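Before any comments, here is the structure.
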Amino acid sequence: MNDFITFVKAAIIGILSEMLAFFAPIESNFIALVWLFGLNFLFGLLADVLRGKDFSMRKAITCITHATMFFTLCASLYGIGYFQNMCEEVLNQCVSSFCWILVYCYSTNIVRNIRSVLRNETPAYKAVDLLYNALTLAFVKTLPFVAEIIKQRKEDRNADK
């Protein structure tokens, strides 16, 4: 029995070592995603606590599930490209582009959470609000034809229900 446990430990260590070696070229992307999801979790929790809400296990599990899903997508994207013999530079650029999309989306959420805990009349709020509006392209909504398109899409969604 002791030999079996030793074998299982060695197998797990061997598999983990091979996976770490395989994903070494995109290690920096994984580290960036850890930071991104950690900041998202932290600022989401901070926003809830400062607004008087309790810790929500459901939101925490959702955040962890999303992070796991995106790590899996990133790893799968790299693995599929690798086994299709994509050029290493193109493959790294593809994974990097995917990560930048996540950075944009989650940064918007992080800035929104920061903005929600600041008082409206403070300079910090104004700076963060300006950043949030720039990230969400809020100024585009003021264009007449864009407002009409948004209105039409809402009507289409309501008609589908």
Side-chain angles (χ1 to χ4, degrees), residues 19 22-23 25-161:
M19 286 181 64
F22 179 73
F23 290 118
I26 59 170
E27 174 188 13
S28 59
N29 294 87
F30 281 153
I31 291 170
L33 290 180
V34 167
W35 273 96
L36 182 67
F37 291 122
L39 286 172
N40 184 54
F41 185 87
L42 177 71
F43 282 109
L45 177 64
L46 187 65
D48 279 350
V49 169
L50 291 177
R51 283 188 271 158
K53 296 181 182 177
D54 289 332
F55 174 78
S56 170
M57 184 57 86
R58 184 188 61 78
K59 282 178 68 176
I61 290 173
T62 300
C63 181
I64 293 167
T65 303
H66 288 173
T68 303
M69 184 175 61
F70 286 124
F71 274 109
T72 304
L73 280 170
C74 189
S76 299
L77 183 65
Y78 180 77
I80 290 167
Y82 179 84
F83 290 113
Q84 287 190 335
N85 297 320
M86 281 180 77
C87 173
E88 183 89 19
E89 292 171 12
V90 173
L91 184 54
N92 287 339
Q93 184 62 42
C94 186
V95 171
S96 180
S97 298
F98 175 73
C99 289
W100 276 112
I101 291 169
L102 291 176
V103 166
Y104 170 76
C105 295
Y106 277 88
S107 294
T108 303
N109 189 48
I110 290 166
V111 170
R112 182 180 52 81
N113 282 329
I114 293 170
R115 186 180 74 154
S116 72
V117 298
L118 297 172
R119 290 184 313 182
N120 291 0
E121 59 276 352
T122 62
Y125 177 85
K126 291 176 183 173
V128 172
D129 186 52
L130 180 63
L131 180 60
Y132 180 73
N133 286 326
L135 284 171
T136 59
L137 303 174
F139 59 89
V140 174
K141 294 177 186 174
T142 62
L143 300 172
F145 64 91
V146 174
E148 188 62 35
I149 291 170
I150 292 171
K151 180 182 173 188
Q152 184 62 41
R153 285 189 180 166
K154 283 183 182 177
E155 289 173 1
D156 290 347
R157 276 190 224 128
N158 290 336
D160 290 342
K161 290 183 181 180

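Note that the coordinates shown come from a computational prediction; the quantities given were computed from them, not determined experimentally.
- Between Thr108 and the options Val103, Leu131, Asn113, Leu135, a side chain to side chain contact (heavy atoms under 4.5 Å, CB included) holds for only Leu135.
- The number of heavy atoms from other shown groups lying within 6.0 Å of CD (Glu89) does not exceed 12.
- Atoms CG and CD1, on Leu91 and Ile26 in that order, are 7.5 Å from each other to the nearest 0.5 Å.
- Checking side-chain atoms of Ser96 against main-chain N and O of Gln93 turns up no donor-acceptor pair under 3.5 Å.
- Heavy atoms of other residues, nucleotides or ligands lying less than 6.0 angstrom from CE of Met69 number more than 12.
- In this structure, Phe23 and Tyr78 have tilted ring planes: the angle between them lies in the 30° to 60° band.
- Taking the six-membered ring for Trp and thresholds of 30 and 60 degrees, Phe55 and Phe41 have ring planes more than 60 degrees apart, a perpendicular arrangement.
- When the shell of 6.0 Å around CD of Glu27 is examined, it contains 12 or fewer heavy atoms from other residues, nucleotides or ligands.
- Listed by first and then second residue, the side-chain hydrogen bond (donor to acceptor under 3.5 Å, both in side chains) pairs involving residues 28-49 are Asn40-Asn109, Asp48-Lys59 (not counting sequence neighbours).
- Separation of atoms OG1 (Thr62) and CD1 (Ile64) is listed at 9.5 Å; rounding is to 0.5 Å.
- Within a 6.0 Å radius of OH in Tyr125, other residues, nucleotides and ligands contribute more than 12 heavy atoms.
- When every heavy atom of Leu46 is checked against every heavy atom of Val117, the shortest pair comes out as O-CG1, 4.3 Å.
- Shown here for Tyr132 and Arg115, the closest heavy-atom pair between the two residues is CD2-NH1, 3.3 Å.
- Atom OG in Ser107 sits 6.0 Å away from atom CG in Leu36 (nearest 0.5 Å).
- Here CD1 of Ile114 is found 11.5 Å from CG of Leu50. Values are rounded to the nearest 0.5 Å.
- Residue-environment remark: CZ (Arg58) stays at or below the threshold of 12 foreign heavy atoms within 6.0 Å.
- By the 30° and 60° cut-offs, the orientation of the rings of Phe37 relative to Tyr106 is perpendicular.
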Practice task
Decide side chain to side chain contact (heavy atoms under 4.5 Å, CB included) for Phe98 and Leu73; before the verdict, give the C-alpha distance in whole Å, the side-chain angles of both, and the deciding distance to 0.1 Å.
Solution key: CA-CA 9 Å; Phe98 175 73; Leu73 280 170; 3.9 Å; yes

